Amino acid sequence: MTDDRRRASFLGRTALVGVGFTEFSRDSGRSVLSLAAEACRRAIEDAGLPRSDIDGVVSFSVLDDSVASQAVATVLGLPELTYVLDMNLGGQAPSFMVMQAAMAVDAGLADAIVIFRALNGRSGTRVGSTEFHGPAGQYRYPIGFSAYPQYIAMWARRYMIETGATYEDLGAVAIAQRAYAQANDRAVIRGALTPESYLASPFVADPFRGPDCTTEVDGACALVVTTLDRARDLRHSPAVVRGAAYVLGNRSGLDIGDALLWKDYSRNYTSLLAKALWASAGLGPTEIDFAELYDCFSSTVLFGLEGLGFVGRGEAGGFVRAGNTALGGRLPTNTNGGLLCEGYLHGMNTVAEAVLQIQGRSGERQVPRANSCVVTSGGMMDGSALVLTRA
Amino acid sequence: MRDVNQEATDAPAPITDRDSDPWWEALYAGQLKLPHCLDCGATWFPPTPGCPECGGIHVELIASTGRGHLYSWVVINRALGQNVPRDTPYTIVAVDTEEGARMIGRLFAPSDQPMRAGEPLSAVIRSVRGQTVVGFERAIS
């Protein structure tokens, strides 16, 4: 990534304006199309936009676990679309999807775009343990290296080796986020978690125990993106897209589960995009009020805190253990309980929580000062991030 | 040492392709090989039709000593997925070979000694329930 990159024109001129969810469950008993349409319908209503003003739909899926934007547009009865994009990506996609929609509305290709993620991620295809038919699968599956918790655990172990981080540091992330989840009705994991009960939990893929891992769910989440000019007239205050970056690092592998060629398992894409992200926003880590960091597993929160420069190398565990990521701390983080507790909508709900906080709509878990935040999407070789601010 | 052929595994066969077939054929013949770039000298894994360091297309397979050092590891405590080994717990190691490639494999000779980053390991080719796979043994036992 070049340092003198031209600032993307959509930054500061586009915004997220509406949020829609379905219930998150272990078995929705519904079609993915029904879930997708409900979340999109709710997001459009929440924005205060007439359905007829939506002229774009953007989504992503992995392993064909979702439905085409075309189908959702049909079910919603949208009159005519001028922008449609269905991406084949995993958790690296949500912030990137906001970027695509923001670019499109800023470029005049559409006026208002609904973006969504919908899946029966629990009762249908479970991405955490389903084989990806990528070219590197032949080296993983025959030896029983078969699932995301195992891949990321390999990185977490290397991070522990290099920094001296401990099981307790991983546990601190899970414990801090569980406290937020208790104030979030949508969260599927809400029981109390203490250092003792954490350490008593059986390992899934050592160094990860159950509470270090996200919970797969059925459900959908949608957001509406439009120009800032349009956003100012709508129901809720806009969450302005102030900064954005995506990066795919060098030697990023042959498929999204393949890290064989990645050199440093103790750092992920957040280390690579931090400089560009902060430059794009014209803000730095000290000017950020809260963070929503992609957390398929607890370790990725530590990677994100360090990668984005909130703390120095090896300091993330201590930062979390000292209460800095709790409500009232220096940097409230994953204020919905994160993917660990709210459920695995592949990080779409991570972006949604950021918008709700910026709009002051997070209720009991509302961060007192929520003028600016950072959001990340992705856990390994590539990913995307946003800086959102109040207008 | 445990006899891996008696481990309860039902691991799937690799879905090979034209880029990987020569590597698997060498493995089935008992030889561990690694892709090597004739342009820049890089050695890596897995086999690819271009060099991930320089983009060069003059790639050949070279013999590996199989010796390397432990980069990271994960203990699989819970089998996840369909058609995966059920003989948990087992350990998957990430090993940096002398030639400069990183490989993953089953740890075939576990011991009670704690794992230590950087410790020497040696690759072994084994048949596990009919599947030929690369694994690693610890020099420390």
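The chains referred to below are lettered A, B, ... by the order of the sequence lines, with proteins before strands, and numbering in each begins at 1. Source: prediction; values computed, not measured.
Atom CG of D258(A) is separated from atom CD1 of I104(B) by 8.0 Å, given to the nearest 0.5 angstrom. Atom CD1 of I76(B) sits about 12.5 Å away from atom CZ of F203(A), to the nearest 0.5 Å.
Shown here is R78(B), whose CZ atom has no more than 12 heavy atoms of other residues, nucleotides or ligands within 6.0 Å. For CD1 of I15(B), the number of neighbouring non-hydrogen atoms (other residues, nucleotides, ligands) closer than 6.0 Å is 12 at most. Environment of CG in L199(A): crowded, with over 12 heavy atoms of neighbouring residues, nucleotides or ligands closer than 6.0 Å.
Y90(B) contributes a side-chain N or O that, together with a main-chain N or O of G144(A), makes up a donor-acceptor pair within less than 3.5 Å. The main-chain N or O of W155(A) is never found under 3.5 Å from a side-chain atom of S72(B) such that the two would form a donor-acceptor pair.
The aromatic rings of F45(B) and Y139(A) stand perpendicular to each other, their planes meeting at an angle above 60°, with 30° marking the opposite boundary.
Here Q150(A) is the residue among E131(A), Q150(A), E162(A) with the most heavy-atom pairs under 4.5 Å with chain B. Interface summary for chain A: among P46(B), A117(B), P47(B), A79(B), the most heavy-atom pairs under 4.5 angstrom belong to P46(B). When each of L261(A), L254(A), V204(A) is checked for heavy-atom pairs under 4.5 Å with chain B, V204(A) comes out on top.
For a residue to count as touching a neighbouring chain, one of its non-hydrogen atoms must lie under 4.5 Å from one of that chain's; by this rule P202(A) does not touch chain B. If you measure heavy-atom distances from S20(B) to chain A, the contacts under 4.5 Å come from both the backbone and the side chain. If you measure heavy-atom distances from A94(B) to chain A, the contacts under 4.5 Å come from both the backbone and the side chain. Within the 4.5 angstrom heavy-atom criterion, atoms from both the backbone and the side chain of R157(A) approach chain B.
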- Item | Verdict with supporting geometry, R102(B) and W262(A), side chain to side chain contact (heavy atoms under 4.5 Å, CB included) | CA-CA 9 Å; R102(B) 181 165 302 151; W262(A) 189 258; 5.6 Å; no
- Show your working on side chain to side chain contact (heavy atoms under 4.5 Å, CB included) between D206(A) and V74(B) and close with a plain yes or no. CA-CA 6 Å; D206(A) 183 357; V74(B) 54; 5.7 Å; no
- Task: Start with the C-alpha distance between W73(B) and I161(A), add both sets of side-chain angles, then the distance that settles side chain to side chain contact (heavy atoms under 4.5 Å, CB included), and finish with yes or no.
- Result: CA-CA 10 Å; W73(B) 71 93; I161(A) 290 164; 3.8 Å; yes
- Would you sort out whether R209(A) and N77(B) count as a side chain to side chain contact (heavy atoms under 4.5 Å, CB included), showing the intermediate values? CA-CA 9 Å; R209(A) 296 171 162 88; N77(B) 306 89; over 6 Å; no
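The heavy-atom pair separating P142(A) from A13(B) by the smallest distance is CG-C, 4.3 Å. Of all non-hydrogen atoms in R251(A) and P52(B), the two that sit nearest each other are CG-O, 4.0 Å. Nearest heavy atoms, K263(A) versus Y71(B): O-OH, 3.2 Å.
Note that R106(B) lies outside the cation-pi zone of F145(A), set by a 6.0 Å cut-off to the ring centre and a 45° limit from the axis.
Under the 4.5 Å side-chain criterion, counting only non-hydrogen atoms from C-beta, D17(B) is in contact with Q138(A). In this structure, the side chains of P149(A) and L80(B) come closer than 4.5 Å at one or more pairs of heavy atoms.
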